[in-house]
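Along the sequence shown, residues are numbered consecutively beginning with 1. None of the values given here were measured: they were computed from a predicted structure.
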Amino acid sequence: MSPGLVQMMRLWRDVLRGPVTFISLLIVLFIAGIALAAPYLGLPPPEVLGDELYAPPSAEHWMGTDNNGRDVLSRVIWGARLALFVAVGSAVLATLIGIVLGSVAGYFGGWLDAIMSRTFDVFLVIPAFFLVLLIAALFGSSITLIMIAIAITTWPRSARIMRSQVLSLKNRTYVQASLSAGASHSQVLMQHIIPNGLPPLVTDATLLMGLAVLTEAGLSFLGLGDQNTVSWGRMIFEGQRHLRLAPWISIFPGIAMLIMIAAFNLLGDGLNQILNPQLRPRKRAGRIVTGFADDVPLVAALEPAEDDLLAVRNLRMYYQLEGEWLKAVDGVTFGVPRGGSLGIVGESGCGKSSLGAALMQVLPTNARVVAGEVRFDGRTVLDVTSPAAAAFQSVRWTGMSMIFQSAMNALNPVLTVERQLREAYLLHSPDAGAAAARARIGELFDTVGIPRQRMSAYPHELSGGMRQRVMIALALLHNPALIIADEPTTALDVLIQDQILAEIDRLKEQLNLSMILISHDLGTVAESCERVAVMYAGEIVELAPTEEIFSNPRHPYTRSLIATLPNLFGPRRELVALPGEPFVPVGEMVGCRFAPRCPSAADICRSAAPASRIVGPGHQSACHFADDAERLSATRPLIGAAS
């Protein structure tokens with residue numbers, strides 16, 4: 001099945017799931033079907049005069065007759081043909097003009113963009129209806145001319161939307177790669193940029209359809225429409241003289257026009273939410289999801305201690321993707337003592353950041369916590385079996401905070417860093433004034449090593465290291481007891497990474513913070529954390545003290561990660577890359593998730609999931625051969641082993 005067909009099927013599935021969008025689509029299809037079938041419905045011709053003048057609605061004439069004895073139902077249906085023709089023709093023409101001019105302006109930029117943007121602005125300032133009125137009065141009132149006039153007055157909307165899309169797409173890596181490979185500008189526009197910028201134009205086109213119907217009806221009402229066609233606007237105009245005697249002459253075409261325009265607008269809103277997932281309404285994170293009652297709970301060998309600051313038991317957070325559940329966090333159990341630190345490592349896609357998001361309850365729309373319990377400082381802050389016990393809002397940022405990765409994306413580019421920190425401070429301390437907030441921010445800037453003069457700077461005016469220090473200050477605003485650092489050195493050079501990690505380690509010791517450090521880099525975790533949890537495919541496959549993890553790893557995946565680290569001391573050795581692709585935890589899963597990539601996997605690994613077992617003091621491993629040191633040692637060389 002082609003990707004285009006798959007995408008179309010997904011679109012139709014989303015349309016069918018939205019009741020408002022689905023009903024709007026049904027209305028539009030019904031009107032279109034009736035209008036197209038008008039010649040075959042056996043209705044009286046719309047312009048044929050009859051003997052029954054002002055006949056009220058009856059079994060013979062469902063919508064009555066007008067002052068000339070013409071059947072109103074027939075005229076309404078034939079008027080729908082004209083309305084649909086004008087709506088589709090005008091919207092398609094306006095959208096095509098907008099795509100061409102908007103993409104050219106946005107892609108080439110410079111003086112061409114400046115001239116075309118001012119042209120867009122001029123057309124947008126002029127009232128569209130009066131411009132269409134002027135064109136129809138000067139050049140005639142044929143339907144073709146009216147459609148062209150409507151398109152000429154509405155295309156700047158589509159052009160501005162397309163221009164903004166092109167501006168955001170033309171600097172993407174895949175576009176630059178295509179140009180580097182020798183593709184022409186026209187090929188890049190047609191193949192890579194315009195197709196990716198179309199979704200908002202599709203929704204805008206449905207809104208233009210409603211506007212076109214209303215514009216044509218307005219022209220016909222004023223007598224500037226095509227006199228050789230049946231138009232709802234002209235019907236309303238003719239019927240207004242007979243409102244007291246025969247109100248149905250105007251009411252029925254007015255209702256038909258209202259229904260069609262409303263259906264177009266609602267369909268446009270629905271398509272906008274379907275094509276742009278960011279506009280979908282957020283649902284409450286952490287709600288119970290049915291259908292997982294039969295799942296076998298994953299019980300860890302090492303349970304959190306009763307006095308741990310953070311205790312996580314059997315936490316499961318899934319993403320709903322195309323009708324399936326991706327088990328990003330699947331049965332995770334661990335504890336973090338007061339003043340202690342835990343490093344969580346693994347490849348991209350193993351569930352590290354998803355675990356941090358689940359702990360902080362900052363989940364995207366399609367994510368659900370489906371099982372598990374989280375206790376913080378002795379209080380249950382998340383328990384899906386008892387939603388009333390959830391009290392996470394009371395500890396978020398005051399007891400537990402997070403340093404997000406990629407500070408440039410996490411900070412608002414149009415607000416100064418002081419204002420962003422002040423708003424965050426007052427959000428959780430509403431009784432504090434602006435002076436107290438500024439004093440606290442200045443104190444934190446001193447703590448993390450940023451001059452107070454930079455408080456008024458915007459994020460883009462700061463270096464990468466300073467922006468990351470601002471994120472650290474943001475996390476420390478309310479003196480939390482636990483900080484979750486999610487890749488805190490992303491996109492920083494090696495020297496700045498070392499400085500940021502040293503700063504975090506210093507603050508941890510100075511403030512007696514507990515910390516969860518999420519990282520790809522085992523070396524970073526080795527320097528900063530007392531314990532290490534290794535994640536793979538949503539599970540913690542090994543958990544142990546840091547020194548034990550590096551000196552005596554008891555899971556093949558851990559050994560494989562260690563084997564990829566360069567060694568500056570001891571004999572030279574060859575770095576061994578981890579083969580295969582990461583396991584995607586979707587659907588039914590049988591056996592060990594690492595088995596397809598494990599060189600020492602046996603039949604039992606492919607048929608039965610390994611249980612987590614204790615293999616040493618504070619050391620657990622989820623491997624069938626965790627106790628077989630000889631078998632494990634044959635999988636990957638350790639740091640320091642000779643090649």
Q: Evaluate side chain to side chain contact (heavy atoms under 4.5 Å, CB included) for Arg160 paired with Leu124, printing each intermediate quantity in order.
A: CA-CA 10 Å; Arg160 289 193 69 87; Leu124 289 171; 3.1 Å; yes
Q: Would you confirm whether Trp397, through its side chain, and Leu474, through its main-chain N or O, come within 3.5 Å as a donor-acceptor pair?
A: yes
Q. Got Leu201 and Ile99 here, is their nearest side-chain heavy-atom distance under 4.5 Å?
A. yes
**Q.** Beyond-backbone contact of Leu315 with Leu355, side-chain heavy atoms, under 4.5 angstrom
**A.** yes
Q: Indicate yes or no for a side-chain donor-acceptor contact from Arg396 to the backbone of Gln361 under 3.5 Å, with no hydrogens or angles considered.
A: yes
**Q.** salt bridge (Lys or Arg N to Asp or Glu O under 4.0 Å): pairs with one or both residues in residues 203-222, sequence neighbours excluded
**A.** Arg157-Asp204
Q | Pair Lys170-Leu167, side chain to side chain contact (heavy atoms under 4.5 Å, CB included): steps then yes or no | A | CA-CA 6 Å; Lys170 69 178 184 179; Leu167 287 175; 4.1 Å; yes
Q) Under 4.5 Å between any side-chain heavy atoms of Phe404 and Asp486, yes or no? A) no
Q | Qualifying residues under ring-ring contact (aromatic ring centres under 6.0 Å, His included), relative to His185, sequence neighbours excluded | A | Tyr107, Phe108
Q. Just wondering, do Met235 and Val72 contact through their side chains at under 4.5 Å, heavy atoms?
A. yes
Q) Under 3.5 Å, is there a donor-acceptor pair between the side chain of Thr153 and the main chain of Ala149? A) yes
Q. Considering only heavy atoms from C-beta outward, does the side chain of Ile194 approach that of Met162 to under 4.5 Å?
A. yes
Q. Is Trp155 reaching over with its side chain to a backbone N or O of Ile152, donor-acceptor style, under 3.5 angstrom?
A. yes
Q: Verify the ring-centre separation between Phe221 and Trp232: is it less than 6.0 angstrom?
A: no
Q) Looking only at heavy atoms, which two atoms of Pro253 and Ile236 are closest? And how far apart? A) CG-CG1, 4.1 Å
Q) About how many Å separate OG of Ser158 and CZ of Phe120, when rounded to the nearest 0.5 Å? A) 10.5 Å
**Q.** Non-hydrogen side-chain atoms of Pro39 and Trp78 separated by less than 4.5 Å
**A.** yes
Q | side chain to side chain contact (heavy atoms under 4.5 Å, CB included) between Leu359 and Met402, worked out | A | CA-CA 10 Å; Leu359 292 176; Met402 190 170 190; over 6 Å; no
**Q.** Donor-acceptor side-chain pairing of Thr65 and Asp71 below 3.5 angstrom
**A.** no
Q: Assess the side chains of Ser231 and Thr229: does a donor N or O sit below 3.5 Å from an acceptor N or O?
A: no
Q) Once you round to the nearest 0.5 Å, how far does CD of Glu47 lie from CG of Asn68? A) 9.0 Å
Q: Report the residues that fulfil side-chain contact (heavy atoms from CB on, under 4.5 Å) with Tyr425, sequence neighbours left out, ordered by chain and then residue number.
A: Ser429, Ala432, Ala437, Arg440, Leu477, His478
(Q) Run Asp330 and Tyr318 through side-chain hydrogen bond (donor to acceptor under 3.5 Å, both in side chains) and show every step you take. (A) CA-CA 8 Å; Asp330 199 13; Tyr318 296 171; 2.9 Å; yes
**Q.** Test ring-ring contact (aromatic ring centres under 6.0 Å, His included) applied to Phe85 - qualifying residues, sequence neighbours left out
**A.** none
Q | N-O pairing of Glu238 and Arg70 below 4.0 Å | A | yes
Q: State, to 0.1 Å, how close Leu169 and Ile193 come at their nearest heavy-atom pair, and which atoms those are.
A: CD1-O, 3.4 Å
Q) If you look at every heavy atom in Asp66 and Ile249, which pair is closest and at what distance? A) CA-CD1, 3.4 Å
Q) From Gln420 CD over to Leu415 CG, what is the distance, rounded to the nearest 0.5 angstrom? A) 5.0 Å
**Q.** Arg75 side chain vs Pro46 backbone, donor-acceptor pair below 3.5 Å
**A.** yes
Q: Find out whether Arg81 and Ile77 are in side-chain contact, i.e. whether some heavy atom of one side chain is under 4.5 Å from a heavy atom of the other.
A: no
**Q.** With sequence neighbours excluded, residues passing ring-ring contact (aromatic ring centres under 6.0 Å, His included) with Tyr319
**A.** none
**Q.** Pair Phe264-Leu207, side chain to side chain contact (heavy atoms under 4.5 Å, CB included): steps then yes or no
**A.** CA-CA 6 Å; Phe264 277 136; Leu207 303 179; over 6 Å; no
Q. Any idea which heavy atoms bring Val166 and Gly106 closest together, and the distance?
A. CG1-C, 3.6 Å
Q) Does Thr203 reach the main-chain N or O of Pro200 with its side chain, forming a donor-acceptor pair under 3.5 Å? A) yes
(Q) Show the nearest heavy-atom pair for residues Gly69 and Leu53, with the distance to one decimal. (A) N-CD2, 3.2 Å
(Q) Using 0.5 Å steps for rounding, measure from the CD atom of Gln240 to the CG atom of Leu243. (A) 7.0 Å
(Q) If you compare all heavy atoms of Ile27 against all heavy atoms of Ile259, which two are closest, and at what distance to 0.1 Å? (A) CG2-CG2, 3.6 Å
Q | Beyond-backbone contact of Val230 with Leu82, side-chain heavy atoms, under 4.5 angstrom | A | no
**Q.** Residues forming a salt bridge (charged side-chain N to carboxylate O under 4.0 Å, His left out) with Arg244, sequence neighbours excluded
**A.** none
(Q) Tell me if a side-chain donor or acceptor on Ser164 pairs with a main-chain N or O of Ile161 at a distance below 3.5 Å. (A) yes
Q) Could you state the interatomic distance from CG (Asn412) to CZ (Arg419), rounded to the nearest 0.5 Å? A) 8.5 Å
Q.
I need the Thr154 OG1 to Leu93 CG distance, nearest 0.5 Å.
A. 8.0 Å
Q. Within the distance-only criterion (no hydrogens, no angle test), does the side chain of Ser117 pair as donor or acceptor with the backbone N or O of Ala114 below 3.5 angstrom?
A. no
Q.
Check whether Asn366 reaches the backbone of Gln320 with its side chain - one donor and one acceptor, N or O, closer than 3.5 Å.
A. yes
Q: Report yes or no: does Ser220 contribute a side-chain atom to a donor-acceptor pair with the main-chain N or O of Gly233 at less than 3.5 Å?
A: no
